[in-house]
Number of protein chains: 2
Amino acid sequence: MLSKSAEYALRATIYIALKGSEDNKLGIDEIATAIDSPQSFTAKILQLLTKNNNVVSSVRGPNGGFYLTDAARKLPVRAVLEAVGENGVLTKCVLGLKECSETRPCPMHEQYRTIKAQLRQMFEKTTIHDLAEETRKGKIVINNRLVKKK
Amino acid sequence: MLSKSAEYALRATIYIALKGSEDNKLGIDEIATAIDSPQSFTAKILQLLTKNNNVVSSVRGPNGGFYLTDAARKLPVRAVLEAVGENGVLTKCVLGLKECSETRPCPMHEQYRTIKAQLRQMFEKTTIHDLAEETRKGKIVINNRLVKKK
DNA sequence: TAAAATAAGGATAAAAATATCCTTATTTAG
DNA sequence: CTAAATAAGGATATTTTTATCCTTATTTTA
């Protein structure tokens, strides 16, 4: 469904939203461990999230790390996907046809249209904050284990 | 959404269903040209479809080629996906968590559940025949151009 | 101001997906 | 029975994705 890059991006962003703040920035080692992702690779992805779309903020140096601004928390999940170049799910034809469109639809087009609309809804209506909040409620998982309530 | 392998598999299968029959088998060159896919690679994929799931039938030699049995035409689209090892969309967690489940759901789980159900519906309720029939109706596309009515 | 901590960024590597090519096996037609 | 046509299958190549490592730049604190 999504690339690993996108998965790591989402998990990292949720984790940062959940545990980090402007005065509690999170280091890449903590993040990667928490979400069970390869550290250096995750660092690259966070670079994308910081510069491509300002989803994540960062500062270097001691006590540096990653965090989310309040504005960033209000961003839709789609912003994360876009930052890592993963918007194809919402735009491309299921059969991979370049010219598939409403006027020249592929044989799965009509059925997929509804699904695509719901995917769009999910990615656009749900914010990073929403996901962090779900996680905070405890019944929810990141990295194959429950995230402790604060 | 789907891998190229899966896209080619679906397009090829639809095309074979549409134009081929037991006494009009289609060659790999015709198929690949028609669906705009790399020939040798498509040949590999058709091999998978013939042996992994008996979705496609084939015979070698002069007048050999690929075709679908009547039984194969009744198979759901999912059979094609399974043959090329593409069932992840229906089974995996959006965030890529191994342990995500109903009892330990990820923060997107509930929203995605509905979508996954619809995807499953689409892939299981729609048969290869259905897709070919849609294509036969003319208003539909394969390979970026209209398929001529017979 | 120096040292330490930390993210940024470049170069490279490894793995997976996609693609090509060549040889072999099978089947048909003559 | 032979030749031609065709898919099957193996070996290899290319591209993309995923991953690692090392150096550089920035920031903080002592």
Side-chain angles (χ1 to χ4, degrees), chain A residues 1-13 16 20 22-33 35-68 81 83-86 88-89 92 96, chain B residues 1-13 16 20 22-33 35-68 81 83-86 88-89 92 96:
Chain A
M1 175 55 138
L2 298 179
S3 64
K4 294 221 171 200
S5 296
E7 290 173 357
Y8 298 155
L10 286 171
R11 307 221 295 267
T13 304
I16 296 168
E22 181 138 17
D23 43 51
N24 181 32
K25 308 190 191 75
L26 307 179
I28 185 61
D29 48 348
E30 171 181 353
I31 297 166
T33 302
I35 67 168
D36 190 27
S37 66
Q39 185 172 115
S40 301
F41 190 54
T42 307
K44 295 282 185 215
I45 290 166
L46 287 178
Q47 276 180 44
L48 293 177
L49 290 168
T50 53
K51 66 177 178 185
N52 282 3
N53 260 352
N54 298 315
V55 176
V56 172
S57 304
S58 70
V59 291
R60 303 195 250 198
N63 297 312
F66 299 93
Y67 66 98
L68 293 191
L81 299 182
V84 297
E86 187 92 355
V89 210
K92 294 201 303 187
Chain B
M1 175 55 136
L2 298 180
S3 64
K4 294 220 172 199
S5 296
E7 291 172 358
Y8 298 155
L10 287 171
R11 306 220 297 266
T13 303
I16 296 168
E22 182 139 17
D23 43 50
N24 180 33
K25 309 191 190 75
L26 307 180
I28 185 59
D29 50 346
E30 171 180 352
I31 297 166
T33 301
I35 68 168
D36 191 26
S37 67
Q39 185 172 115
S40 301
F41 190 55
T42 307
K44 295 281 185 215
I45 290 166
L46 286 179
Q47 276 180 44
L48 293 177
L49 290 168
T50 53
K51 66 177 175 184
N52 282 2
N53 260 351
N54 298 315
V55 176
V56 173
S57 304
S58 70
V59 290
R60 302 195 249 198
N63 296 314
F66 300 91
Y67 67 98
L68 294 191
L81 299 183
V84 297
E86 187 92 356
V89 211
K92 294 201 305 186

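Computed from a predicted model, the values in this text were never measured in an experiment. Lettering of chains follows the sequences in order, A, B, ..., and the numbering in each one begins at 1.
The nucleotide whose nearest atom lies closest to any side-chain atom of B:Ser40 is, among C:dG9, D:dA8, C:dC21, C:dC21. Each of C:dA29, D:dT18, C:dA8 was ranked by its minimum atom distance to the side chain of A:Phe41; first place goes to D:dT18. Closest to the side chain of B:Gln47, out of C:dA8, D:dA19, D:dG9, is D:dG9. The side chain of B:Arg60 has D:dA8 as its nearest neighbour among C:dA7, D:dA8, C:dA19. Here C:dT18 is the nucleotide among C:dT18, C:dA8, D:dT29 with the atom lying nearest to any side-chain atom of B:Ser5. The side chain of A:Ser3 has D:dT18 as its nearest neighbour among D:dT18, D:dG9, D:dA8. With D:dA8, C:dT20, D:dT27 as the choices, the nucleotide that has an atom nearest any side-chain atom of A:Pro62 turns out to be D:dT27.
If you measure from atom CD1 of B:Ile31 to atom P of D:dA7, you get 7 Å, rounded to the nearest angstrom. C:dA19 atom P lies 11 Å from atom CG of B:Asp36, rounded to whole Å. In this structure, B:Ile35 places its CD1 atom 14 Å from C1' of C:dA19, rounding to the nearest Å. Across the protein-nucleic acid pair, B:Ile28 atom CD1 and D:dT6 atom P stand 12 Å apart, rounded to whole Å. When rounded to the nearest whole Å, the span between CG of B:Asp23 and P of C:dT27 equals 18 Å. Protein atom CG of B:Asp29 is 16 Å distant from nucleotide atom C1' of C:dC21, rounded to whole Å. In this entry the distance linking NZ of B:Lys51 with P of D:dA8 reads 9 Å, nearest Å. The distance from atom CD of B:Gln39 to atom C1' of D:dA7 is 11 Å, rounded to the nearest whole Å.
Remark: the A:Lys44 side chain and the C:dG10 base include a donor-acceptor N/O pair separated by less than 3.5 Å.
Within the 4.0 angstrom heavy-atom criterion, only backbone atoms of the sugar-phosphate kind lie near B:Leu26; the bases stay farther away. Within 4.0 Å of B:Lys25, counting heavy atoms only, lies no atom of the nucleic acid at all.
Sequence neighbours left out, the pairs with a member in residues 40-61 of chain A that pass ring pair (Phe, Tyr, Trp, His ring centres under 6.0 Å) are A:Tyr8-A:Phe41.
For the pair B:Ser58 and D:dA8, the criterion of a side-chain N or O lying under 4.0 Å from OP1 or OP2 is met.
A heavy-atom distance below 4.5 Å is not found between the side chains of A:Val84 and A:Leu10.
Of all heavy-atom pairs between A:Leu68 and A:Val55, the closest is CD2-O, 3.0 Å.
With A:Arg11 contributing its side chain and A:Ala32 its backbone, the two residues share no donor-acceptor pair below 3.5 Å.
Atom CZ of A:Phe66 is separated from atom OG1 of A:Thr50 by 6.5 Å, given to the nearest 0.5 angstrom.
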